[in-house]
Every structure is written in C-alpha cells, then in structure tokens.
Amino acid sequence: IAQLYPLAPIREKVMVSRDWELVARSYFQTLRITDRLVVTPSWRSYVASDSEIILQLDPGMAFGTGYHPTTRMCLQQIDEAIEDGDLVLDVGVGSGILSIAALKLGASKCVGFDIDIDAIQVSTENARNNGVTLGLELHHGTVVDDYAQSNGGRFDICLANISADATLRLAGLYAKMIKRKGTLIASGIVSDRFEECRDRLEANNFRIIQHVEEAFWSCIVAERI
C-alpha cells in the first residue's frame with residue numbers, strides 16, 4: 001500500500017466516443033500460424049497457395065484472433081493432433097477459431113460451449129464465412145455434469161483455451177468427456193501455474209505428453225489414459 005503514496009491529484013478527462021471494434025480491426029493483419037495454417041481477417045484479401053488452409057476471421061468482441069500466444073499455441077497443437085473424422089469438444093469457443101481450424105484440418109464435428117452470447121453469435125458467423133457451419137454445434141453456457149454423463153467418452157480431442165482455474169475445476173469433467181487415448185489441449189494457463197495444472201490433470205487420468213511455453217503462457221497437451 002505504501003507504494004501508492006503520495007497520490008497524484010485526481011483528474012478527469014472526457015474521452016471521445018469511438019468504434020473500438022473498428023479501431024481494433026486496423027491492427028488485425030494476416031498471420032501465419034504453421035506451414036499450412038494462415039489466419040486472415042475476413043475484410044482483407046489473401047491469395048492462398050494450394051498447401052495452405054485459410055481461416056477467415058472476424059473476431060468482433062470475442063476472444064481469439066491468433067495473435068495471443070495462448071490461441072497461437074493451441075492452433076499449432078491442433079495442426080499436429082487432428083486426424084480425419086475426429087470429434088472435437090471446444091470449451092470456451094470464443095471467436096470459433098479453434099473449432100474452425102479443427103474442422104478445416106479434418107475433424108468431422110466440433111461441439112463448442114461459451115458463456116458469452118456474443119461469442120456464440122461471432123463464432124456462428126465465422127463458421128459460415130469458412131464454410132463449416134454444418135460441422136459446428138454451439139451451446140450457450142458451460143459444460144455441465146449432465147452433458148458429460150450423457151456424452152461420456154465421446155470426444156477424440158478437447159480444446160480448452162480458458163484459464164488455469166478452469167483447468168483445475170474442469171479436469172475431472174474433461175476426463176469424463178474424452179475417449180481413452182484421446183487428447184486434451186489446454187491453454188490460457190499462466191506459466192507459473194503449470195505444475196499445479198499438471199498435477200490436477202495427472203490426478204484425473206491424464207498423462208502430459210507435451211508442454212509448450214510462450215511469453216509466460218503455457219499450453220498443455222495431455223493424453224487420457
């Protein structure tokens with residue numbers, strides 16, 4: 001508290017109203033994620049090569065552009081993990097970027113959850129722009145035990161780019177939802193909480209197979225055993 005003193009005099013400033021979503025768009029450029037995954041704003045033109053998979057994205061007010069390390073690490077791991085026909089669970093779908101990438105890389109279906117209704121609307125529009133609407137099933141709300149019980153052991157891959165607290169809270173539910181030998185890709189974890197999350201996942205029948213760090217953020221890839 002002592003570091004707060006002495007306090008400077010309180011001042012007021014009137015801010016000019018701006019369209020902050022439009023302002024954010026000016027900073028969103030085409031971004032290469034892997035050798036074949038490229039994220040590009042829906043309002044910019046990009047000529048893709050035959051080997052590239054393009055994710056056309058308008059994040060709106062939802063999280064997930066590919067610029068944040070947590071999203072970028074998840075996309076890199078999805079590129080390595082997805083196999084044709086996989087059934088994917090996306091907990092905290094945001095802009096839909098992870099589900100859309102999974103579908104374009106060969107997943108047969110993605111089931112996404114988000115507590116933010118804006119995220120559901122944004123991801124629906126992004127799925128339409130990327131031609132994967134039929135493969136994406138969206139739910140407003142969070143994954144609950146009732147859903148896990150009726151869909152237990154169903155998913156090949158679970159994507160969870162949320163937070164360390166969510167990983168700790170939902171580890172048991174992830175274990176119910178993912179098939180044996182299936183994969184959890186969990187990020188949004190501040191690196192100094194990696195060991196805490198690792199221990200909780202291992203206590204819930206997961207084996208850590210990869211741990212990636214970037215800019216003080218961690219991404220965990222774990223196998224359901």
- Query: Looking only at heavy atoms, which two atoms of Asp90 and Ser99 are closest? And how far apart?
  - Reply: OD2-OG, 2.9 Å

- Message: Going by the rule side-chain hydrogen bond (donor to acceptor under 3.5 Å, both in side chains), which residues pair with Asp114 if we only count those two or more places apart in sequence or in a different chain?
- Response: none

- Message: With clusters defined by side-chain heavy atoms of hydrophobic residues (ILVMFWY) lying less than 4.5 Å apart, directly or transitively, does Val111 cluster with Leu134?
- Response: no

Show me, pair by pair, the donor-acceptor contacts under 3.5 angstrom made by side chains of residues 216-225, not counting sequence neighbours?
from   : atom 1 : to     : atom 2 : distance (Å)
Ser218 : OG     : Ser191 : OG     : 3.2
Ser218 : OG     : His211 : NE2    : 2.9
Glu223 : OE1    : Arg207 : NE     : 3.4
Glu223 : OE1    : Arg207 : NH2    : 3.0
Arg224 : NE     : Ala175 : O      : 2.8

- Hits for side-chain hydrogen bond (donor to acceptor under 3.5 Å, both in side chains) against Asn205, two or more places apart or cross-chain, chain-then-number order -> none

- Does the Arg32 side chain pair with the main chain of Asp35, one donor and one acceptor, at a distance under 3.5 Å? yes

- Evaluate the criterion side chain to side chain contact (heavy atoms under 4.5 Å, CB included) for residue pair Leu184 and Thr167; output intermediate values, then yes/no. CA-CA 10 Å; Leu184 169 68; Thr167 300; 5.6 Å; no

- Between CD1 of Ile53 and NZ of Lys104, what distance do you get to the nearest 0.5 Å? 8.0 Å

- In this structure, CG of Leu105 is separated from CZ of Arg36 (nearest 0.5 Å) by 5.0 Å

- Sub-4.5 Å side-chain heavy-atom contact between Asp58 and Asn126: yes

- Item | Test log, rule side chain to side chain contact (heavy atoms under 4.5 Å, CB included), inputs Ile157 and Glu83 | CA-CA 10 Å; Ile157 293 181; Glu83 296 182 359; over 6 Å; no

- Could you tell me whether the side chain of Arg72 and the main chain of Gly66 form a donor-acceptor pair under 3.5 Å? yes

- Message: Given 3.5 Å as the limit, does a donor-acceptor pair link the side chain of Asp116 with the main chain of Asp118, or not?
- Response: yes

- Message: I'd like to know if the side chain of His68 and the backbone of Thr70 have a donor-acceptor N/O pair within less than 3.5 Å.
- Response: yes

- Message: Just by distance, no angles: are the side chains of Asn129 and Ser42 close enough, under 3.5 Å, to form a donor-acceptor pair?
- Response: no

- From Ile100 CD1 over to Leu136 CG, what is the distance, rounded to the nearest 0.5 angstrom? 7.0 Å

- Within a strict 4.5 Å, meaning less than it, do heavy atoms of the Asp79 and Leu75 side chains meet? no

- Message: Less than 4.5 Å apart, side chain to side chain, heavy atoms only: is that true for Val143 and Leu170?
- Response: no

- Query: Can you tell me how far the CD1 atom of Ile78 sits from the CG atom of Asp86, to the nearest 0.5 Å?
  - Reply: 11.0 Å

- Considering only heavy atoms from C-beta outward, does the side chain of Cys158 approach that of Val91 to under 4.5 Å? yes

- Item | Validation row: Phe155, Leu87 side chains within 4.5 angstrom (heavy atoms) | yes

- Task: Take atom CD1 of Ile117 as the centre, draw a 6.0 Å sphere, and report whether it contains more than 12 heavy atoms from other residues, nucleotides or ligands.
- Result: yes

- Query: Any chain of hydrophobic side-chain contacts (each under 4.5 Å) joining Ile97 to Leu31?
  - Reply: yes

- Over 12 foreign heavy atoms within 6.0 Å of CD, Glu195: no

- Query: Any idea which heavy atoms bring Gln77 and Gln210 closest together, and the distance?
  - Reply: OE1-OE1, 3.2 Å

- Note on the structure: Residues Ala171 and Asn204: closest non-hydrogen pair is CB-ND2, 3.8 Å

- Task: Give a yes or no answer on whether the side chain of Thr71 reaches the backbone of Tyr67 with a donor-acceptor pair at less than 3.5 Å.
- Result: no

- Output the distance between atom CG (Asp156) and atom OG1 (Thr183), rounded to the nearest 0.5 Å. 8.5 Å

- Where Gly135 and Leu103 come nearest, the two heavy atoms and their spacing: O-CD2, 3.7 Å

- Message: Let me check something: do Val39 and Leu37 share a hydrophobic cluster, defined by ILVMFWY side-chain heavy atoms less than 4.5 Å apart, either directly or through other members?
- Response: yes

- Message: The test is ring-ring contact (aromatic ring centres under 6.0 Å, His included); show your working for Tyr174 and Phe206 and say whether it passes.
- Response: CA-CA 9 Å; Tyr174 295 154; Phe206 284 100; 7.2 Å; no

- Whether over 12 other heavy atoms sit under 6.0 Å from Glu196 CD: yes

- Going from CZ on Arg154 to CD1 on Ile178, what distance comes out if it is rounded to the nearest 0.5 angstrom? 13.5 Å

- Item | For His140 against Ile115, the heavy-atom pair lying closest together | NE2-O, 3.0 Å

- Item | Nearest heavy-atom neighbours spanning Lys179 and Gly153 | CG-O, 3.0 Å

